[in-house]
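The block underneath contains the structure these notes are about, expressed in C-alpha cells.
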Amino acid sequence: MSKRNPEYDFKWCPGCGDFGVVRGIELALAERTMRTGEPIEKTALIAGIGCSGNLVHLQEGPQPYGFHGIHGRALGIAYGIKASRPDMNVITVGGDGDMLSIGAEHIGPQAKRNVDLTAVVMDNGIYGLTKGQASPTTLGGVVTSTTPYGKLEDAVRPLDLYLAHNVSFIACGVSSKPKELAGLIGQAMDHPGFAVVHVMSPCTTYNDTYEALKGNPAKGIEPLAHQVPDSHDASDWNAALALVKQPGVPVGIIYRNPNSVPLHQRFAEARERIKPRSRSVEQMLNALAI
Amino acid sequence: MSKRNPEYDFKWCPGCGDFGVVRGIELALAERTMRTGEPIEKTALIAGIGCSGNLVHLQEGPQPYGFHGIHGRALGIAYGIKASRPDMNVITVGGDGDMLSIGAEHIGPQAKRNVDLTAVVMDNGIYGLTKGQASPTTLGGVVTSTTPYGKLEDAVRPLDLYLAHNVSFIACGVSSKPKELAGLIGQAMDHPGFAVVHVMSPCTTYNDTYEALKGNPAKGIEPLAHQVPDSHDASDWNAALALVKQPGVPVGIIYRNPNSVPLHQRFAEARERIKPRSRSVEQMLNALAI
Amino acid sequence: MGADLVVRFAGEGGQGQVTAAEGMAEAAARVGYHVQTFATYPSQIEGGPVWAQTRISTNTILTQGDQLDVLVALNRQAYENHIADLRDGGIVIYNSKDFDTPPPGNAIGLDAEALARETGNPRAANFIMIGAVAQLASMPLDYFTDFVKVRFTRGRPNDAEIINGNNKAIEVGAEKASASGYAVEPLDQPTPSDTKRILARGNDYLSMGAIAGGLEVFYGYPISPATTILVFMENNLNQEGQFVGQTSSEIESIAAIIGAGYSGRKVMTSTAGPGLSLMHEGIGLAWIAEIPLVIVDVQRGGPATGLPTKTEQSDLLSAINPGHGDMSVPVIAPGSVADCFPAAIHALNWAERYQGPVILLTEMSIAERNEDVPMPDINAIANERRTVSTGEMGNRRYAGRTISPFPVPGTVGASYVANGSEHDEQGDTTHQPQVHVDQTERRFSKLALLEDGTYDSENTSASVAILPWGGSKGAARAAYNRLRADGTDLAWYFTMFINPMPPALLEELRSKDLVIVPELNYLGQFSSVLRGLGINAHSIRQYTGLPFKEGFLVEQVQAMMKAQSGKLVRA
Amino acid sequence: MGADLVVRFAGEGGQGQVTAAEGMAEAAARVGYHVQTFATYPSQIEGGPVWAQTRISTNTILTQGDQLDVLVALNRQAYENHIADLRDGGIVIYNSKDFDTPPPGNAIGLDAEALARETGNPRAANFIMIGAVAQLASMPLDYFTDFVKVRFTRGRPNDAEIINGNNKAIEVGAEKASASGYAVEPLDQPTPSDTKRILARGNDYLSMGAIAGGLEVFYGYPISPATTILVFMENNLNQEGQFVGQTSSEIESIAAIIGAGYSGRKVMTSTAGPGLSLMHEGIGLAWIAEIPLVIVDVQRGGPATGLPTKTEQSDLLSAINPGHGDMSVPVIAPGSVADCFPAAIHALNWAERYQGPVILLTEMSIAERNEDVPMPDINAIANERRTVSTGEMGNRRYAGRTISPFPVPGTVGASYVANGSEHDEQGDTTHQPQVHVDQTERRFSKLALLEDGTYDSENTSASVAILPWGGSKGAARAAYNRLRADGTDLAWYFTMFINPMPPALLEELRSKDLVIVPELNYLGQFSSVLRGLGINAHSIRQYTGLPFKEGFLVEQVQAMMKAQSGKLVRA
Ligand SMILES: Cc1ncc(C[n+]2csc(CCOP(=O)(O)OP(=O)(O)O)c2C)c(N)n1
Ligand SMILES: Cc1ncc(C[n+]2csc(CCOP(=O)(O)OP(=O)(O)O)c2C)c(N)n1
Ligand code: SF4
Ligand code: SF4
Ligand SMILES: [Mg+2]
Ligand SMILES: [Mg+2]
C-alpha cells in the first residue's frame, strides 16, 4: 500500500475523486480506533474491482485487513466474514459498475438479512478502470466508448433502490468533502445493520462531474449536490423517499432504521431458542444406530 | 408437452396454483392470436427452472416456441431474443426463487432498457421443485426445511421492487382466477415495454396459502387478496407505490407508464440518427489501408 | 439357503415405495443383516416413475444388485419398465387393480391400498408390501413387527393404534404371499456384528463427518441432490462459534465461504454441477488468494440442468480445472457411503493444511442411498487447522515459495490484503514477471503437502489393473472379485484421492500395460487425466444416468483384456 | 545495411510512448516496411510502468524482437527495467531531466518535453523521439513528415499549424540524434508490396472478420483486453437486422447470445478469463440445447482477476471443457493478427454448421498489437448459415443422432422447446436412460462436421516436431527457422484448430517420438490434452506474463532434444 509499498504500480489520475474517499475512510477509521480503542486490525476492508477497489492498496497510515477479490463480489465476501466473525468491523468499497451492475444482485440479500456491515459505493457514473464505458449510473443519452450514439438505457437511481431494498442505513456523500464523508462512514459503522454510504466520486478522465456537482455560478450552473435539510427525519422512510425523489443529490443521512436488528443478533437469538434441541456429533450418530 | 407428449414425466401436485397460471397463459395467447391473426409461433415462452418453469412443457393446444434453460436466466435469454427479433412476442415464466433470488439481477437491466417483453412471476413463497426451502418471498419467521427455527431474513416485497426499478408495466394476479389473469397477461403483452405480471400461485404441498389469499370468514381470516380499486390511477407512480404499501395483495393493474418507449424502438431511432456514419466492411478495412 | 435378497418397489411417485424399501432395510439391519437401498425419481413432486430398491445380505454389500429376486410393480408401466431386471425364477408382486389378466411367470396379484384400508389403516400399504416380501424370503415377521414397535413408539396417544395397524398390515401381506405358494430361496440367518453399526444416507453421513471434522461455517443454495446437506447443516450447525446460511445463489455461496475462510473459520458449501460451474471464478479466487475451503459437488447428469435426479461422474474435469488460468484443485471422491465420513474430514484437513480450495466430489447414487456402516470412533479423528500467524511475519502473508502462517483478521501487526490479482508478499497487486513466476510456483508447490492420500491395492503383480473412482468402486470391486474367482490375472486399485494422487500409486500405475477405468461419463474423463500423467489408462464408459452393473463390467473388462495385445483402445 | 530495427519506448503512463511507437510503425508501413508493435501497461490509467515497442523490417515479422537496437527511456526506473534488453552496441535515448550523470554506453540525453515546448507544440514530445530514432537508423525523415501530413490533414482550421509543429519536432529530434554522432546499422530500403496492405490491431481485425463473416448480433461486458471488441461492435454493428448491446455482466452476456442464437441470428460475445468462467454454466446450456454462438476469450494472466494486462495461454483447459458435465467445445486459436480475420469467420461458420458454441481463443499479445497484413478479399469469403427447418420436421428438433434442421422461432408448424435438461426429440424433459445415451451421442457426433481444419507443416519426416499454439506461433517459427538453419532435424506443425484438431494432423503427431509444445502457462495445458489423445507431447512452459523470445525457445528445444533419448520429460 502506497507508503509502505512505493513499488505498487497503480495510481489514480490527478484529481480523481477516489483520493477523497480513501481520505474519508482513513479519517473514519482513525476516529473509530481513537474512540473505541479497538485495534484497526479488527476492521476488514473488502474491495471490488475497479479504480475504486484499488483503494484497499492506497490507504496511508495504520492498515486494516484487506481483501481485493473479483469483480462484483465484495458484498458476498463481506457477508461471509461478518456472519462468521461478528467481532469484526467490515467495510466494502466498490464502484458503480462493481456494485450496481455485476454486483447489484448482492445488495438485496444483505439488506434482507440486515448484515451489520458498511458498503461504500464510489459512484463516478462510468467504468473507469476499463477506460470509459457506460455504467448503470451513466445518464441516458450520454456518449461513452460503448454508447457512441448516446446511452439508450435509463440511468439507475441508486438511492431509490437502496430504499426499496429496505437498507437499514442510507447516507450520501461527496468525495470533495472527506471530513463530512468520514462522519457519515463513522455513523454507518456504528449503525447495527446493513449500511450503504453512496459517494459521488468524479472521474476526471472519463466523466468529470465536479462542476455539475458543485455548480458554477459564473456559467449559471446550479449545484446538483445539496445538504440534507436539518428538518429531515431520517427515521421516516417515506420522508426519505420524498427526499431522494427531489432533483439533485442530497448529501447527508437519508434513512436510518431506528429498530434495526442485525443478522448476527437474529442468529444468536435463534441459537438460544434452540439450545435444547441442538445435538453433539455423538448424538447425531447414535440417532442412526441400529 | 402433456397432450402431445403423454410420456412427459413431470406432473404438478393436485391443486398446485401453476395449473391456473398455465391456463391463464393459454387463454391470453388464444385471445391474442384470435385478435391479431398472428400465428402462435410468433410467441416464444422462456421458462426458468422450478415447478413453475415446467409450465413450458404443460401447455395444451397450439404451441408457441419454448425455451427451458437454466436457473434464473430466463430474462437474459428473453432479452437476447427480443432485441435481435423485435417481431417476436416474448414471455418468460419463473418462480419466486428463479426470478427474485438467483435471477433477481436481471430485472433491473431489462427495466432500464425497457425491453418489450412480459415476465410472469409465479410466486408460491417457497422453493417447490427442490422440496420446500425458504424463498425470498417466504415471510420472516416461517419454518421451512432450511429455516427449521424460523426464517431470519425479512421477506422481499416484489411489487415495491418492480416499482423501484421503474418497470414500465406492473400487474398482480392470482392463479385461482385464470380468466382475470389472462386479461392482465394480454395487456402486458400489448404494452410496449418491460411488463411484469406477478401471480400468487400457491404450493399446496409446501406452502398452501389459498386460505390466506382468499380468506375464510368461518375462521375469521381476512382475505389477503383484494381488487385494485377502479379509482386507482395506474399511470401515477406515486399512487401505485401507495397502493402496494397497503397491507394485502392488490389484484389488477398497478402501474402502466403511458410514455413507455421500448428498447427496439430506441435502437431503431439511434440507427436512423447514425445512418450517415455507418460503414460497410470494405470501408472499415480501407480506413486502415497503408 | 441364500445370502442375498434383492427387492425393488416400482410405481408412481407417492405410492410409498421409498418408505417400504427403507423400512425393510432398517428392520433387516437391526437384526444384523447388511443392507443397501437405492432410489431414483425424476426432479418432481407428484407422479412419474419412481422406484426404490433394497438389498439385504449376510455379506458386505458392494452394489444394489444386478438382478431382482422380487419385483413389486405398483402399476403396469412400472411392470413393463422393470420386468427385464427380474432374475429367472424371480417373483413379481403386481397391483391387481392395474391388471385385468395376471402377468406371466411367478406373479402375485395384490391391491395393497385396498388391503390397507381393510386393516383400518389406509396409510399402511407399504407394510402390506413389506409383509409379503418378508414372507417370500421366509424371514421371521417379528423382525418387522419389532421394528415397527421401536420406530412408532413416539410417546403419542395413538402410538399403539398405529403400531397395531402396521403390524396387522405386515401379517396380511404375509398371508397373501404364503397363500400364493410362491417363495424365493430362504434368506440365511443374520450374524449380528459385534461392533456397533449405524444405517446412514450418504449425504447425512458426509455432513456428520464434516461436523466431526470441525466444520464451523456452512453456506449453501438448494440444488438436487445436494440440498439434503444444506438441510442437515441448517438443523445441526448451530452451536456457539458456528454459522449456517442459505444464500441467494451459488455465486453468493462461494463468495461467502471465501469470506468465512478468510476470517479464519473451517468452511464448506455444497452444490451440484450447475452450481459448481457458477462457482468457477470464485474457486480461482480461493486458489490465488490462498483461502482454505471445501466445496462438495454432488454429481448428477450434465451438462446445464441436465439430469437432476440421475447419477453420473461427469464433473471431474471441471473439478480439477475449474475456470480460467493455471490451477489444479485438490479433489477427493468417496467410493461409498462408508467413505463419506472420512472423506469429509480429510477434505477439511487438506484445505486447512495447504490453505486453498478442495473439492469433495460425490454423486447422486451415494448421496441418496442408505447403507449400514460401522459406528465411527469420533475420538480417533485427527482434525487439522491451518498454521496461523501471530504477527511474527508482519504483513508478509504470501512470503516464500510454499506455505506461510495464515494471518487471522483481528491479529494485531499482521494485516495484509488477500488478493485475487497477482500480488507480492504483502498482497499488493503487481505485474512484475518474476513475482508472477514465484507466486505461481508457490501455489503449486503447496500441493506437495497433500501426498498423504492412501489407496487399496490387490494382486499388484498383474500387468493389467482395474482402477474405478468414486461411486463406481462397489460394482468394480464386485466384478473384480468375480474375475479373480474365474482366475483372471487382474490388479485392483482404488483411492479417494483423485488430485493429487498418492505418488506411490502413480508409480505403480505407470508400470502397468493397461489400466482399466470404469466411469460414468461419455468422455472417459479420469482416464484422459491419467493418460496426461503418463499412464496407459482407458475407460469403460456408461452414460445412462444409472450406476454400473457388476455383470456389465465383467464383460467389458474381459473384452478389453482380449483386445489388449499391444495396440491401444481409445477411451 | 540491416533488415531490422527494434525500438522500445519505456516510461510512465501518459508520456506518449504508445503513440510514438504506433506513429513510427504506421509511417514505416506506409513506405513498404513490415511492422509490428507491442505495448504493455498495468490495469490502470495514469502512471506506472508502460512500454511500447516497434519492430520495422524488410522481412515478414514473426516476433516483437528479442533485443533492442534503440531504447528510449523516459525515466530512470524505465532505464533500469529495460536496459538488459539492449543489444551490444545498441543506443539509449534517456530523459536528461531524470539523470544527473549520463548512463554508460551509447547514450543520448534528451528532454523531449522541453524540446517540444520550444517547438511551440508541447504535445509533440513523441515526434521528437520519432525524429531521433529515425535519424539513428538513417531513415529518410520525409517518411515521417509525409505521414504527419496525411494523418493530421483533418479539414480543421489549425491542421497546418499542428502539421508544422509535429514536423518541426521530428527535425529537432533528428538534429539532436545526429549531433550525438551515434548511429545503428542503417535500415535497408523497403520494397513496397504490390498487393494492398492494411495496418491493423488484433482485436479490430478480429471484429472486422466477424462482421465480414455475417455477424448480426453482439453482446458484451467490458473487460481488458477484450473491451476493444465490444467498443468496435458498438460503433460498427448497427445496420438493419443487426444489434449490439452492453450487458450487466458476463452471465447476462451468455444468456443474451443464447437467446439471440436461438432466435436465428449469427451471434458473438467477447470476454477474458474471469468472464469466461462466469459463462461456464451458460456454455453448457448452449451445448445441450444446441444453440450456435461464438465466445471470444482474449486470454490474460489468471486465475481470478490475475494479471489483467499481461499475456498468457492458460484458459485452454476451461475453454475445451467449460463447466460440469460431458462436453467438448470447439476451439479456434489464431496465431497472429493476420489469423484473426479468418479465425473469426471460421468460428462463426463452425457454430452455424454444428449448431453449438464455439470458443475463439485469442490472447492479449495478439489483441493489442498492430501488424501489417494483406488487405483481405472479402468477396472470397464463404459464409455458412445453419440449415433451417421449414416445418418439414414438425416439432422434432432433436431428431436423429446427428445434425437436424434448425427451427427459427416464427416458423409455423415447427415449434419446440429448446431445453437445457436432457430431452426427447421435441425438447421435452425426460429421464429415460436410452434417450440420454442417444442425445449425448448425437451432440458429440456433430463434432465430426468440424474436421475441415487446415494446418501448416514442414520437414515432416523428422521424428521430433515443434507444435506451438495461438500467439506462440511467431516466436516458435522464428526459433524453428534458426534451428533448421543450424541443421537441426525438426518438424514444424501449426493449426488454429485446437478442438477438434484436423484428423490428419493427429495421425502425423501420433507417429512422432516427441512433440514439443511451447505454451505460456504453468500446467502445460495443450501438451496434457495431446497426451490424452495419445501423442507424446511435452511443453516448453513460460509464465512470466510476457510472450516467448526466439532465443529462449531455441535453447529449450535443443535441451529437450538432447534429453529425448527414450526417456520422457514430464511437462
Ligand atoms: C468478471 C469480470 N468482468 C469484468 C471485469 C473487468 N472490469 C474491471 S473493473 C470493471 C468496472 C469498473 O467500473 P466501476 O466498477 O464503476 O469502477 P471504477 O473503475 O469506475 O472505479 C470491469 C468491467 C472483471 N475484472 N471481472
Ligand atoms: C444454478 C442452479 N442452482 C440451483 C438449482 C436447483 N433448483 C432448481 S429449481 C430451484 C428453485 C425452485 O423454486 P422457485 O424458483 O420458486 O420455483 P418453484 O419450484 O417454487 O415453482 C432450485 C434452487 C438449479 N437447477 N440450478
Ligand atoms: S480513470 Fe477516472 S476513476 Fe480511474 S483513476 Fe482516473 S480519474 Fe479516477
Ligand atoms: S411442489 Fe408445490 S409448486 Fe411444485 S408442483 Fe407441487 S404444489 Fe406445485
Ligand atoms: Mg465507476
Ligand atoms: Mg417458488
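Order of the sequence lines fixes the chain letters, A, B, ..., with proteins taken first and strands second; residue numbering starts at 1 for each chain.
With a threshold of 4.5 angstrom between heavy atoms, A/I107 does not approach chain B through any atom at all. Both the backbone and the side chain of A/L152 come within less than 4.5 Å of a heavy atom in chain B. For B/L163, no part lies near chain A; criterion is any non-hydrogen pair under 4.5 Å. The part of A/K245 that comes within reach of chain B is its side chain, from C-beta onward, which places non-hydrogen atoms under 4.5 angstrom from that chain. Contact of B/R266 with chain A is made through backbone and side chain together, with heavy-atom distances under 4.5 Å. For B/A270, the part sitting under 4.5 Å from any heavy atom of chain A is the side chain, from C-beta outward, and nothing else. When heavy atoms are compared at a cutoff of 4.5 Å, A/V261 does not approach chain B at all.
Ranking A/R113, A/K112, A/K151, A/R273 against chain B, the residue ahead of the rest is A/K112, based on heavy-atom pairs under 4.5 Å. Here B/E105 is the residue among B/H106, B/R277, B/E105 with the most heavy-atom pairs under 4.5 Å with chain A.
Here the CZ atom belonging to B/R157 is positioned 8.0 Å from the CG atom belonging to A/N166, to the nearest 0.5 angstrom.
Taking 4.5 Å as the limit, every side-chain heavy atom of B/Y149 sits out of range of all side-chain heavy atoms of A/E269. Residues A/H165 and B/D160 have side chains not in contact (no heavy-atom distance under 4.5 Å, counting atoms from C-beta outward).
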